[in-house]
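Here's the structure we're looking at; comments come further down.
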Amino acid sequence: MAEPFKNMYNEQFLNRFTKDLKVVIPDLDARGFISQVIDDDWENRELKQRVAHITTILKKFLPADYKDAIAKILELLEYVERTHSDYSVIDDTKFGLTLEYGAILDNYVDQYGLDDYETSIKAIEKIIQFTSCEFVTHPFIVKYPNEMMAQMLVWSRHEHWGVRRLASEGCRPRLPWAMAIPDLKQDPSPIIPILENLKNDPAKSVRLSVANNLNDIAKDNPQTVIDLAKKWHGKSKEVDWVIKHGCRTLLKQGNSEIMELFGLGSVENISIEDFQILTPKVKVGDSLEFRFKLLNSSNQKTKIRLEYGLYYQKANGTLSKKVCKISEKEYAGNSTTYITRKHSFKVVTTRTFHPGLHQVAVIINGNEFEKYDFELVE
C-alpha cells in the first residue's frame, strides 16, 4: 500500500523547516518547536489535522501581531530564494518549495488572516510564487466575493506563472480538498473572464488549471462549458487541448454536442462482437481482463472514442459506474480490430473494494453497449 500523504510531515521535514525558520527568528527553540508538534496525538492525526496542528504551533513562535508574523514569513521566503538553490523556483510546472511548506503557509493565512484582507492578499501573492497555496483563496472568496474575484482577474495578468495559475486554480468551484464555493457552483460567470485571459497562457501548468476549472464548471453548468468550447475551438493547438481536457466529464457522459465538436459522431456502422471476460472471478489485488472485436462496417475511416464502464459494487449492494478510456483514434473502413484490456483491482487508498457482483460494458462515442458480469472475491 502507498505511503500515506500525512507522513510527508515527519521529523526530517521539521528539522529542515525549523532550520530555515531560525534564520528569521534567531531565538527560535527548534527542539521545543518539534517536541510540541510531535506530541502524543501526532500519529493519530490525518494530513489536514497535522497541517493545522503545525500551524497552531508555528503561531506561538511568530510575532503575536498578524502583520508582523506575515512579515517574518515573507522574510523566510526571501531567504530561501536567496540561499537555497534546491528550493529555487524550477519552471512553470514545478514550484521551488515543497508542498509541505505550502500547506503550512497557506493554512497560516487561512487560520489567522481572514480579517486582514490587504495583508493576506499581499502574502498570498508572494507565497504562491514559491509554493502551491491555492486552497487559501476559497475562504476569502466566500467572505469577500466581489473583491476577491476582481483580484483574481488582476492576477490572471501577473508576470509570474504561479500567480496566474492561482487566478484559475484558486477559484475552481470543486477544487479537491478545498472549501466549497456555493455561489460559483451556482453561477460561474465571474470565473469566465479569468479563463478567457488564461486559455492560451504560455505556461502549461496554467493551461492545465484552466482545463480543470472548466471540468469543475461542467459538472454543475454544462451548457456554460459547451458554449465556451464552441467559441474557443480552433483558436490554437494549445486552446484545443484545454477544451478537450476541460470537457472530459462531458465526453465521459457522452454529451452529443461535445462529441460532435470533436468529430465523434454516429456509431451506426460500429459494432462489438465476441466480448469475453477472461477472468470471471477476480481476486482483490489482481486484474480483470477482457477482450472483444471492434467492427467498422462503414466504407469510410471513422474516429472513435473507445471507453469502458466499470460498475463497482458498493457497500449497500448497489453499483457505481466509473468510465475508463481505452483510446481515441481513427479506425479504417471495413476493419476489424481486436481489443484486449486489463483493469487493476490493486488495493489503493482512494477506493474501497467490496466483493460480489461487478459489471463491465464497452462505450463507443458515448454510447454504452451490453453489460457483462464478473465477480470480485477476497
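The first residue of the sequence shown is numbered 1, and numbering continues consecutively from there.
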Original post:
Hey, does the Lys NZ or Arg CZ of K244 hover above the aromatic six-ring of F262, less than 6.0 Å from the centre and inside 45° of the axis?
Top reply: yes

**OP:** Using atom types as modelled and distance alone, determine if a side-chain donor or acceptor of T302 lies under 3.5 Å from a backbone N or O of Q300.
**Re:** yes

**OP:** Apply side-chain contact (heavy atoms from CB on, under 4.5 Å) to the pair K235 and N200, showing each step before the final yes or no.
**Re:** CA-CA 9 Å; K235 297 288 186 184; N200 206 17; over 6 Å; no

**OP:** Start with the C-alpha gap between Q253 and L250, add the side-chain angles, then the distance that decides, and say whether side-chain contact (heavy atoms from CB on, under 4.5 Å) holds.
**Re:** CA-CA 5 Å; Q253 292 171 347; L250 296 174; 3.7 Å; yes

Original post:
Has the side chain of K199 got a donor or acceptor atom that lies under 3.5 Å from a matching backbone atom of E196?
Top reply: yes

Subject >> Closest contact, heavy atoms only, P176 versus F135 >> reply: O-CE2, 3.2 Å

Subject >> Other residues, nucleotides, ligands: >12 heavy atoms within 6.0 Å of Q223 CD >> reply: yes

Original post:
Are any non-hydrogen side-chain atoms of Q36 and F61 less than 4.5 angstrom apart?
Top reply: yes

Subject >> Criterion salt bridge (Lys or Arg N to Asp or Glu O under 4.0 Å) on K230 and E257, from CA distance to verdict >> reply: CA-CA 9 Å; K230 291 178 178 179; E257 290 183 82; 2.5 Å; yes

Subject >> CD1 on I141 to SG on C171, rounded to 0.5 Å >> reply: 5.5 Å

**OP:** Check whether any side-chain heavy atom of I57 sits under 4.5 Å from a side-chain heavy atom of K60, and report yes or no.
**Re:** yes

Original post:
Do NZ/NE/NH1/NH2 and the carboxylate oxygens of R174 and D220 come within less than 4.0 Å?
Top reply: yes

Original post:
Is any side-chain heavy atom of S297 less than 4.5 Å from a side-chain heavy atom of N269?
Top reply: yes

Original post:
Applying the side chain to side chain donor-acceptor pair (under 3.5 Å) test to S120, which of Y66, Y108, Y144, Y112 qualifies?
Top reply: Y66

Original post:
So does K19 have more than 12 non-hydrogen atoms from other groups sitting under 6.0 Å from NZ?
Top reply: no

Subject >> I194 versus S156, closest heavy-atom pair with distance >> reply: CG2-CB, 4.1 Å

Original post:
Do the charged groups of R50 and E43 touch, with an N to O distance under 4.0 Å?
Top reply: yes

Original post:
Which pair of heavy atoms, one from N10 and one from N7, lies closest together, and at what distance?
Top reply: ND2-O, 3.3 Å

**OP:** Indicate the ring-plane relationship of Y312 and F353, choosing parallel, tilted or perpendicular according to the 30° and 60° boundaries.
**Re:** parallel

Original post:
Side chain of S327, backbone of K329: donor and acceptor closer than 3.5 Å?
Top reply: no

Subject >> Side chain to side chain, I70 and L74, heavy atoms closer than 4.5 Å >> reply: yes

**OP:** Answer with yes or no whether the side chains of E11 and N15 bring together a donor and an acceptor at under 3.5 Å.
**Re:** no

Original post:
When rounded to the nearest 0.5 angstrom, what is the spacing between CG in L264 and CD1 in I304?
Top reply: 9.5 Å

Original post:
Can a donor-acceptor pair be found between the side chains of T224 and N221 at a distance below 3.5 Å?
Top reply: no

**OP:** Flag the pair N213 / P173 as yes when at least one side-chain heavy-atom distance between them is below 4.5 Å, and no otherwise.
**Re:** yes

Original post:
With no hydrogens and no angle check, is any side-chain donor or acceptor of D110 less than 3.5 Å from a backbone partner on V136?
Top reply: no

**OP:** Begin from the C-alpha positions of K143 and D115 and carry the test salt bridge (Lys or Arg N to Asp or Glu O under 4.0 Å) through to its verdict.
**Re:** CA-CA 9 Å; K143 184 167 184 176; D115 292 329; 2.5 Å; yes

Original post:
What pair of heavy atoms forms the shortest contact from L261 to A229, and how long is it?
Top reply: CD2-CB, 3.7 Å

Original post:
Side chain of N367, backbone of I364: donor and acceptor closer than 3.5 Å?
Top reply: yes

Original post:
Is there side-chain contact between V24 and L21, with at least one heavy-atom pair below 4.5 Å?
Top reply: yes

Original post:
Side chains of S335 and N296: do they bring a donor and an acceptor to under 3.5 Å?
Top reply: no

Original post:
Does H358 use its side chain to pair, donor to acceptor, with the backbone of G356 at less than 3.5 Å?
Top reply: yes

Original post:
Can you list the steps and then say if T340 with E289 is a side-chain contact (heavy atoms from CB on, under 4.5 Å)?
Top reply: CA-CA 7 Å; T340 300; E289 186 171 5; 3.7 Å; yes

Subject >> Distance in Å, S271 OG paired with L294 CG, rounded so as to fall on 0.5 Å steps >> reply: 7.5 Å

**OP:** Considering non-hydrogen atoms only, spot the tightest contact between F33 and L58 and give its length.
**Re:** CE1-CA, 3.7 Å

Subject >> NZ (K325) with more than 12 external heavy atoms under 6.0 Å >> reply: yes

Subject >> Salt-bridge contact E134-R165 (side-chain N to carboxylate O under 4.0 Å) >> reply: yes

Subject >> Intermediate values then yes/no, side-chain contact (heavy atoms from CB on, under 4.5 Å), L376 and Q313 >> reply: CA-CA 9 Å; L376 184 68; Q313 181 78 228; over 6 Å; no

Subject >> Residue pair N299 / N334, side-chain donor-acceptor N/O under 3.5 Å >> reply: yes

Subject >> Rounded distance [0.5 Å steps], CG in L175 versus CD1 in I181 >> reply: 8.0 Å

Original post:
Is a salt bridge present between E125 and K122, judged by a nitrogen-to-oxygen distance below 4.0 Å?
Top reply: no

Original post:
Can a salt bridge be assigned to the pair K185 and D216 using a cut-off of 4.0 Å between side-chain N and carboxylate O?
Top reply: no

Original post:
Shared ILVMFWY cluster between L278 and I326, side chains joined below 4.5 angstrom?
Top reply: no

**OP:** May I ask you to check if R341 and Y308 form a cation-pi contact, with NZ or CZ under 6.0 angstrom from the six-membered ring centre and within 45° of the axis?
**Re:** no

Original post:
Donor-acceptor pair, S168 side chain versus S209 backbone, under 3.5 Å?
Top reply: yes

Original post:
Does K293 NZ have over 12 foreign heavy atoms under 6.0 Å away?
Top reply: yes

Subject >> Cluster check L319, F374: I/L/V/M/F/W/Y, side chain < 4.5 angstrom >> reply: no

Original post:
Does a salt bridge link D39 with R45, judged by any charged N lying under 4.0 Å from a carboxylate O?
Top reply: yes

**OP:** Could you pull out the closest heavy-atom pair between V225 and G246, with the gap in Å?
**Re:** CG1-O, 4.5 Å

**OP:** Using atom types as modelled and distance alone, determine if a side-chain donor or acceptor of R16 lies under 3.5 Å from a backbone N or O of F13.
**Re:** no

Subject >> Connected via hydrophobic side-chain network under 4.5 Å: V154 and L198 >> reply: no

Subject >> Other residues, nucleotides, ligands: >12 heavy atoms within 6.0 Å of E260 CD >> reply: no

Original post:
How far does CG of L288 sit from NZ of K283, to the nearest 0.5 angstrom?
Top reply: 15.5 Å

Original post:
In the single-linkage hydrophobic clustering (I, L, V, M, F, W, Y; side-chain heavy atoms under 4.5 Å), do I363 and F292 co-cluster?
Top reply: no

Original post:
Donor-acceptor pair, R164 side chain versus E159 backbone, under 3.5 Å?
Top reply: yes

**OP:** State yes or no: are the ring centers of Y372 and F290 separated by less than 6.0 Å?
**Re:** no

Subject >> Path from L195 to I226 over hydrophobic side-chain contacts below 4.5 Å >> reply: yes

Original post:
Nearest 0.5 Å, what's the CG-CD1 distance between N212 and I217?
Top reply: 11.0 Å

Original post:
Does atom NZ of K219 have more than 12 heavy-atom neighbours, drawn from other residues, nucleotides or ligands, at distances under 6.0 Å?
Top reply: yes

